[in-house]
Number of protein chains: 2
Amino acid sequence: MKRPTLIDVGREAGVSAITVSRALREPEKVSKALRDRISKAIDKLGYVPNPAAASLASNRSSIIAVLVPSFSNNVFSDVLSGTNAVLEKTGYSIQIANTGYNPIAEEGMIRKFVSLSPAGVIIAGVDQTAASRKMLKDVDCPVVQIMDITDDPVDVIVGFSNFDAAATSVEHMVAQGYRRIAFVGTRMDPRTQQRMAGYEAVMRKHQLYDASLFITTPQKSSVEIGRHLLAGLLDKVPDCDGVFCNNDDVAVGIALECQRRNLAVPEAFGICGFNDLGTTSQMNPAITSVYTPRVEIGERAAQYIIDRNAGHPKPEVRNIDLGFTLKVRASTLRTGTG
Amino acid sequence: MKRPTLIDVGREAGVSAITVSRALREPEKVSKALRDRISKAIDKLGYVPNPAAASLASNRSSIIAVLVPSFSNNVFSDVLSGTNAVLEKTGYSIQIANTGYNPIAEEGMIRKFVSLSPAGVIIAGVDQTAASRKMLKDVDCPVVQIMDITDDPVDVIVGFSNFDAAATSVEHMVAQGYRRIAFVGTRMDPRTQQRMAGYEAVMRKHQLYDASLFITTPQKSSVEIGRHLLAGLLDKVPDCDGVFCNNDDVAVGIALECQRRNLAVPEAFGICGFNDLGTTSQMNPAITSVYTPRVEIGERAAQYIIDRNAGHPKPEVRNIDLGFTLKVRASTLRTGTG
DNA sequence: TTGACAAATGATTGCGCAATCATTTAGCAA
DNA sequence: TTGCTAAATGATTGCGCAATCATTTGTCAA
């Protein structure tokens with residue numbers, strides 16, 4: 001009562017094992033009559049292919065490796081949803097790893113994944129170690145970096161400019177008359193740092209730069225940490241009149257703390273979030289945020305892998321910028337200014 | 001320049017391939033001297049085991065299959081974080097699938113996973129189809145159901161009673177003097193329905209049951225949907241004086257809509273959430289919610305699989321109830337009552 | 001009818017490893 | 001020393017499949 005093999009199916013259908021194998025992988029090369037008999041035999045025996053044997057024989061697997069820095073960050077669960085939506089109708093399966101924002105840990109995970117001969121790799125960011133980058137260059141499958149943009153991807157990159165997204169947001173706040181705009185940053189991963197750089201560039205351009213306006217913490221972002229950071233900010237910079245946050249939950253926490261302190265938003269204090277995760281738009285007042293195309297990034301990354309493995313050539317444009325959208329809402333809209 | 005095999009390592013170290021294999025899997029059976037030589041050879045050649053070959057030869061893989069109904073639901077990302085934290089130090093890898101709350105789709109995913117000879121299966125809930133259940137019974141590895149509790153798990157179950165959690169919450173609200181308590185349910189998956197049943201039992205017990213107090217939608221829960229549902233609820237049941245929500249984001253949306261309508265919480269209207277995802281505790285006023293041990297569930301499930309595969313016997317207690325904690329906060333605390 | 005060629009099908013082999021069984025070496029009591 | 005046992009190491013085999021090459025069958029023009 002052991003699991004049937006291709007040979008068993010072949011015997012049942014009266015054909016050789018390799019014909020069954022072909023019927024499954026290249027059905028157009030097998031006659032209709034045999035395909036039908038084989039299909040019946042498969043159903044009768046309950047045959048299911050053995051992926052390990054297939055992988056060993058062909059030296060490639062149907063596993064797509066996805067490396068993200070966090071599972072709990074909604075940004076990456078959205079990416080994963082997009083990737084999964086595209087892949088679930090295919091024969092690929094998703095193997096995930098959580099790098100924990102640690103490039104050294106990431107390197108080990110890449111090494112492990114590469115040993116699987118994956119069908120594709122999706123990895124967040126561009127800040128891999130040199131060794132990681134080399135492994136990704138050498139692995140014989142499509143590699144998609146995501147959530148960022150660069151002219152020099154390992155293979156291709158699908159994302160947006162964190163720098164530009166931050167700069168656009170801060171420009172908007174400046175246009176609305178905010179002057180003492182703080183940067184609130186959590187975790188301080190590479191993409192947060194790029195947002196910080198975008199913030200800094202705009203502040204300097206308008207001669208509003210002030211080093212004391214940076215409020216950062218290595219802790220992960222959360223509503224709670226947002227509340228605490230606002231308290232610290234107002235102690236440190238009493239004349240602060242707005243914040244650009246590196247993530248929405250921090251912005252929500254800050255907005256809630258403003259409510260508690262009766263700090264008038266947007267009149268006395270402007271708030272801008274990042275990622276537009278859904279809660280910001282529902283707050284009182286609604287909070288301005290930068291929408292980032294996370295689900296679409298996941299989808300496009302998966303689709304690229306499917307296409308390349310189906311024989312499509314490597315595209316000319318290897319950095320696919322899906323952009324972002326500043327969702328201007330009440331929290332930064334001061335009537336009579338701008 | 002192809003990838004080295006056990007034979008290559010053996011040649012380099014001056015031993016046979018099988019000794020290298022043993023040194024990696026059962027080091028205590030290989031002398032220290034050889035272990036050192038082998039270890040050096042592995043480093044020198046950059047040997048990495050081929051999991052497909054290992055799986056084919058041994059008829060078991062080191063893949064742990066995790067089936068969850070949603071990636072974007074924070075509940076399951078927390079579970080995954082816990083599972084990952086336990087597994088990442090081990091040789092296991094995690095392969096995930098999103099069942100989309102669809103038992104038929106789930107069945108196909110189980111079939112696929114079973115074909116991998118997984119080292120373990122973690123699956124949300126107890127509402128698998130008969131065919132799914134049979135496959136899970138037959139698969140030769142530990143199977144952990146999670147997020148629920150039952151006397152009759154496939155193998156073991158790690159979770160809590162959704163019914164009891166809801167009942168405890170509603171009892172609290174009744175004790176605080178709320179009478180026209182609505183149930184707000186989104187998605188209406190099996191666990192939500194158990195919460196609804198817990199709500200109903202308590203309402204009936206206190207003779208407060210009223211069919212018009214059920215507000216449900218098949219849509220996924222979100223802050224936005226919570227706001228809309230409150231509007232519908234107040235239209236339908238103007239004398240409603242509180243809600244028990246099946247998820248925190250709905251509760252947050254309802255609280256924000258109450259702010260907008262100047263509906264006094266907790267005096268005129270009580271709000272209780274579910275899962276205690278973090279934002280509820282930061283709201284103004286803070287929202288009561290049921291903390292559920294999601295991360296711990298993920299950890300325990302992973303640890304069980306590790307232990308069983310290490311030879312531990314099946315435990316006597318096969319339903320591991322990790323309980324829940326009602327976090328009573330301002331949104332349901334009426335002074336002078338209860 | 002024949003021959004040439006394409007389409008369809010089959011036989012053989014090896015992927016890299018672990019299970020199994022066989023052999024050698026080490027340790028030690030008598 | 002001998003003889004015995006346990007520990008350490010090795011040789012052989014097959015897991016289930018796909019790559020490669022070989023063979024058969026079908027098709028059609030001349």
Side-chain angles (χ1 to χ4, degrees), chain A residues 1-39 41-42 45-63 91 112 114-119 140 309, chain B residues 1-39 41-42 45-63 91 112 114-119 140 309:
Chain A
M1 195 60 176
K2 61 186 274 296
R3 181 171 158 177
T5 69
L6 284 180
I7 295 178
D8 300 321
V9 175
R11 188 181 308 123
E12 176 73 25
V15 300
S16 71
I18 187 63
T19 300
V20 179
S21 173
R22 255 197 296 260
L24 291 169
R25 291 175 300 125
E26 309 164 290
E28 73 285 358
K29 293 198 180 168
V30 174
S31 66
K32 176 87 171 57
L34 282 198
R35 280 207 308 268
D36 289 348
R37 265 157 61 198
I38 289 169
S39 163
I42 286 174
L45 299 180
Y47 170 78
V48 181
N50 181 327
S55 173
L56 181 61
S58 68
N59 194 31
R60 78 185 97 87
S61 75
S62 58
I63 290 172
K112 189 168 157 189
V114 164
S115 76
L116 298 173
S117 307
D140 182 29
N309 286 337
Chain B
M1 193 61 176
K2 61 187 270 300
R3 181 172 161 175
T5 69
L6 284 180
I7 295 178
D8 300 320
V9 175
R11 187 181 308 122
E12 176 73 26
V15 300
S16 70
I18 186 63
T19 301
V20 179
S21 173
R22 255 196 296 258
L24 290 168
R25 291 175 301 125
E26 309 163 290
E28 73 285 357
K29 293 197 177 168
V30 174
S31 67
K32 177 87 171 56
L34 283 198
R35 280 207 308 269
D36 290 347
R37 266 158 59 197
I38 288 168
S39 162
I42 286 173
L45 298 181
Y47 171 78
V48 181
N50 181 327
S55 173
L56 182 61
S58 68
N59 194 31
R60 77 185 98 87
S61 76
S62 59
I63 290 172
K112 188 168 159 189
V114 164
S115 76
L116 296 174
S117 306
D140 184 28
N309 286 337

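These numbers come from a predicted model, not from an experiment. Computed from heavy atoms alone, side chains included, the values below leave out hydrogens, waters and symmetry copies.
Residues V20(B) and V9(B) approach most closely at CG1-CG1, 3.7 Å, considering heavy atoms. Heavy atoms only, all atoms of each residue included: K29(B) and R22(B) are closest at CB-CD, 4.4 Å. R3(B) and P51(B) make their closest contact through NH2-CD, 4.2 Å (heavy atoms, listed as atom of the first residue, atom of the second, distance). The two residues A119(A) and S61(A) have their closest heavy-atom pair at CB-O, 3.4 Å.
Under the 4.5 Å side-chain criterion, counting only non-hydrogen atoms from C-beta, D8(A) is not in contact with E12(A). Between S117(A) and D140(A), the closest side-chain pair of non-hydrogen atoms is not below 4.5 Å. At a threshold of 4.5 Å between non-hydrogen side-chain atoms, the residues S115(B) and P49(A) do not count as touching.
Residue G14(B) is the one, among G14(B) and A57(A), whose nearest nucleotide of DNA chain D lies closer to the 5' end (criterion: closest heavy atom). For R22(B) and P49(B), each mapped to the nucleotide of DNA chain C holding its nearest heavy atom, the one lying further toward the 5' end belongs to P49(B). Heavy-atom nearest nucleotides on DNA chain D were determined for T19(B) and for S58(A), and the one closer to the 5' end corresponds to T19(B).
Bounding nucleotides for the chain B contact on DNA chain C, 5' to 3', at a heavy-atom distance below 4.0 Å, are dG16(C) to dA19(C).
Using a 4.0 Å heavy-atom distance criterion, L34(B) is classed as a sugar-phosphate-only contact. Contact annotation for N50(A): backbone-only contact, meaning every heavy-atom pair under 4.0 Å involves sugar-phosphate atoms and none involves a base. Across all strands shown, R25(A) has heavy atoms under 4.0 Å from sugar-phosphate atoms exclusively, and none from any base. L6(A) comes within 4.0 angstrom of the backbone, heavy atoms only, and of no base. Within the 4.0 angstrom heavy-atom criterion, only backbone atoms of the sugar-phosphate kind lie near R60(B); the bases stay farther away.
R37(B) has its CZ atom 13 Å from the C1' atom of dA8(D), to the nearest Å.
Among N50(A), L24(A), I42(A), the single residue meeting the side-chain contact (heavy atoms from CB on, under 4.5 Å) criterion with L6(A) is L24(A).
The distance from atom OG of S58(B) to atom CZ of R25(B), rounded to the nearest 0.5 Å, is 8.0 Å.
In the helix from dT1(C)-dA30(D) to dA30(C)-dT1(D), the rotation axis of the first five pairs and that of the last five pairs differ in direction by 30°, rounded to 10 degrees.
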